[in-house]
Every structure is written in C-alpha cells, then in structure tokens.
Amino acid sequence: MWRSLTSLVRPLTATRGFSTNSEKIVASVLFERLPVVIPKIDPVVYAFQEFSFRWRQQYRRRYPDEFLDKSNSRGKGDYQMEYVPAPRITETDKTNDRKSLQRALDRRLYLILYGESFGAPGGKPIWHFPEKVYESEESLRKCAECALQSVLGDLSHTYFVGNAPMGHMVIQPAEKMPDIPSYKQFFFKSQVIASNKFTIGKCEDFVWVTKDELMEYFPERAEFLNKMIIS
C-alpha cells in the first residue's frame with residue numbers, strides 16, 4: 001500500500017510549475033507612488049461637512065468668555081507658529097514633466113516603461129509595466145520582485161502589497177500575428193517608500209502617470225486597468 005502511494009505522489013512532486021503546457025507566465029508590477037498631499041475635498045462633501053458643522057454649533061455648550069480668552073490663558077514663553085501651506089501645483093506640473101515624481105501630488109502615480117516586452121509584435125519597443133517571464137523562481141511574487149529590481153537596481157525603497165496578484169489577464173495571439181505566443185500576465189502591487197527619485201534602467205524611456213493618463217498609453221486595456229486599479 002505504501003509503495004503504491006509513493007509512486008502516485010512522486011510524479012506530482014517531481015515537477016513544479018504554474019502551467020502544465022508551453023504557455024508562458026509573466027509577472028508584472030504595478031509600481032505606484034501614493035498621494036503626497038491630501039486630495040481636494042469634493043464640493044458635495046465639503047458642503048455636507050459645512051452643514052454638519054453649523055448644525056452642531058447650534059447645540060454646542062457655550063463657555064464663559066474669560067475661559068476662552070487666549071490672551072490671558074497663554075503662558076509666558078509661548079509663541080505662535082505661522083503655517084504657510086506648500087503649493088499644490090509644482091513647477092513639474094506646469095511643464096508636464098512625466099519623468100518626475102514631483103507632480104500630481106494629490107494623485108497616485110504609476111511607473112510604465114518603453115522598451116522590449118514579452119509578446120510585443122515584431123519585437124518592437126512598446127509601453128509596458130516592469131515585467132519578467134516566470135522561470136524557476138520560488139514563487140510568482142519573487143518573480144515580480146526580480147522584475148522590479150532589474151529596473152530600479154534595488155528594492156530598498158519599495159513595498160510589495162501582499163503575496164497574491166491583484167489581477168491577471170490572458171493574452172491570446174491575434175489572427176494577423178499568429179507567431180506571438182499566448183501567455184498569462186499576473187499583476188502585483190508595489191509602492192514607493194520614503195523616496196522621490198529613482199534611477200530607472202533597462203528601458204528606452206519611462207514615465208510616471210496618473211490613472212487617467214495611464215489609459216492614454218493602454219487604450220486597448222483601458223477597461224481592464226480601470227477595474228483593477230481602484231483609486
């Protein structure tokens with residue numbers, strides 16, 4: 001009985017992989033920079049907050065004027081700091097420099113590359129996310145880390161959100177280009193940590209774009225990306 005179980009388990013553990021056929025698997029990274037400043041409040045939300053404040057003011061407890069007199073209650077040596085908010089619109093916003101992270105401070109930015117990509121028609125450079133074809137990595141998450149590390153050089157200022165992919169899609173070859181193999185593309189989310197500048201390599205060009213701008217580079221995948229990216 002033990003021999004029969006051993007012979008049954010051995011073929012299953014001898015080969016390890018994510019696919020049993022020749023179909024390739026690609027791990028891509030959605031590398032994002034979170035908003036640096038608080039986004040502007042929607043006018044409807046602001047109106048509701050203003051109404052709620054005025055409503056609460058009607059029933060608030062009124063304290064004596066001498067209790068609220070700041071000039072008398074302030075102790076010796078106290079001082080006031082003058083707060084001057086930083087501008088929300090930077091010089092990079094004005095010049096529309098998409099290579100800089102100093103733009104769209106109240107929005108999320110995503111890194112995309114221009115260069116060689118797996119499955120590109122004719123091997124021509126196209127816009128794509130950092131990616132790597134799965135080979136023999138310990139997991140698909142490790143494969144995604146290698147993809148991002150090959151672009152940034154190191155992962156010291158990155159944080160991968162979870163071990164599971166945030167989405168995936170199956171790429172089928174078009175009738176006009178049957179030489180392009182079909183493959184599965186898995187997307188992992190990673191975020192910028194304590195940095196506002198990266199040295200991007202392994203590509204001809206790169207940009208940091210918002211979600212709306214991202215659709216300009218991937219019009220054929222706009223519906224998929226719009227559902228996958230929640231921001």
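Only heavy atoms go into these numbers, but all of them, side chains included; no hydrogens, no water, no symmetry mates. For reference, positions follow the sequence shown, starting with 1.
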(message) Using the rule given for side chain to side chain contact (heavy atoms under 4.5 Å, CB included), can you reason through Leu152 versus Ile200, listing the C-alpha separation, both sets of side-chain angles and the distance that settles it, and then say yes or no?
(response) CA-CA 5 Å; Leu152 304 181; Ile200 309 297; 3.5 Å; yes
(request) Start with the C-alpha distance between Phe206 and Leu113, add both sets of side-chain angles, then the distance that settles side chain to side chain contact (heavy atoms under 4.5 Å, CB included), and finish with yes or no. (result) CA-CA 4 Å; Phe206 70 93; Leu113 313 174; 3.9 Å; yes
(request) Evaluate the side chain to side chain contact (heavy atoms under 4.5 Å, CB included) criterion for residues Arg88 and Leu105: first the C-alpha distance (whole Å), next the side-chain angles of each, then the deciding distance (0.1 Å), finally the verdict. (result) CA-CA 7 Å; Arg88 302 175 67 92; Leu105 300 182; over 6 Å; no
(request) Start with the C-alpha gap between Arg221 and Gln185, add the side-chain angles, then the distance that decides, and say whether side chain to side chain contact (heavy atoms under 4.5 Å, CB included) holds. (result) CA-CA 13 Å; Arg221 300 185 183 182; Gln185 188 174 15; 3.1 Å; yes
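For the residue pair Ala147 and Ser150, the shortest heavy atom distance occurs at O-OG, 2.6 Å. The heavy-atom pair separating Phe188 from Ala144 by the smallest distance is CD1-CB, 3.7 Å. Closest approach of Lys132 and Cys143 over heavy atoms only: O-SG, 3.6 Å. Between Val26 and Val133, the shortest heavy-atom distance links the atoms CG2-CG2, 4.2 Å. Taking both residues in full, the closest heavy atoms of Ser28 and Glu131 are given as OG-CB, 3.6 Å, listed atom of the first, atom of the second, then distance. The nearest pair of heavy atoms linking Trp127 to Val207 is CZ3-CG2, 3.8 Å.
With hydrogens and angles disregarded, no donor-acceptor distance shorter than 3.5 Å links the side chain of Arg108 to the backbone of Ile230. Looking only at distances, no side-chain donor or acceptor of Arg107 sits under 3.5 Å from a matching main-chain atom of Pro39. A donor-acceptor pair is defined here as one N or O able to donate and one able to accept, closer than 3.5 Å; no such pair exists between the side chain of His157 and the backbone of Val192. Formation of a donor-acceptor pair under 3.5 Å by the Glu137 side chain with backbone atoms of Glu135 is found in this model.
Looking at Asp106 and Lys40, no side-chain N of the basic residue comes within less than 4.0 Å of a carboxylate O on the acidic one, giving no salt bridge. In summary, Arg103 and Glu213 engage in a salt bridge, as defined by a charged side-chain N under 4.0 Å from a carboxylate O.
Taken to the nearest 0.5 Å, the CD atom of Glu220 stands 11.5 Å off from the CE atom of Met215. Here the CD-NZ distance, from Glu32 to Lys189, works out to 4.5 Å after rounding to the nearest 0.5 Å. Within the model, atoms CD1 of Ile41 and CD of Gln49 stand 4.5 Å from one another, a figure rounded to the nearest 0.5 Å. One finds the OG atom of Ser156 at 11.0 Å from the CD1 atom of Ile193 (value rounded to the nearest 0.5 Å). For the atom pair Leu101 CG and Lys99 NZ, the distance stands at 12.0 Å (nearest 0.5 Å). Rounded to the nearest 0.5 angstrom, Gln58 CD and Trp55 CH2 are separated by 5.5 Å.
Linking ILVMFWY residues whenever their side-chain heavy atoms come closer than 4.5 Å, directly or via other members, places Phe224 and Tyr183 in the same cluster. In the hydrophobic cluster analysis, where Ile, Leu, Val, Met, Phe, Trp and Tyr join through side-chain heavy atoms closer than 4.5 angstrom, Ile126 is grouped apart from Tyr110. In this structure, Val29 is not a member of the same hydrophobic cluster as Phe218, with clusters built from ILVMFWY side-chain heavy atoms closer than 4.5 Å. Under the 4.5 Å side-chain heavy-atom criterion for grouping Ile, Leu, Val, Met, Phe, Trp and Tyr, Met228 is not connected to Val161 through any hydrophobic cluster. Under the 4.5 Å side-chain heavy-atom criterion for ILVMFWY residues, a single connected hydrophobic cluster contains both Phe160 and Phe186.
In the model, Gln102 has no side-chain atom that pairs as donor or acceptor with a side-chain atom of Thr92 under 3.5 Å.
Residues Leu109 and Thr210 meet the side-chain proximity criterion, which asks for heavy atoms closer than 4.5 Å. The shortest distance between side-chain heavy atoms of Ile171 and Phe118 does not fall below 4.5 Å. Residues Phe31 and Ser190 meet the side-chain proximity criterion, which asks for heavy atoms closer than 4.5 Å. In this structure the side chain of Trp208 reaches within 4.5 angstrom of the side chain of Phe198, judged on heavy atoms.
Geometrically, Lys24 does not engage Tyr134 in a cation-pi contact defined by less than 6.0 Å to the ring centre and at most 45° from the axis.
A 6.0 Å sphere centred on NZ of Lys202 holds no more than 12 heavy atoms belonging to other residues, nucleotides or ligands. The environment of Tyr46 atom OH is sparse: at most 12 non-hydrogen atoms of other residues, nucleotides or ligands sit within 6.0 angstrom. No more than 12 heavy atoms of other residues, nucleotides or ligands sit less than 6.0 Å from atom NZ of Lys142. No more than 12 heavy-atom neighbours from other residues, nucleotides or ligands sit within 6.0 angstrom of CD on Glu223. Heavy atoms from other residues, nucleotides or ligands lying under 6.0 Å from CD of Glu116 number 12 at most.
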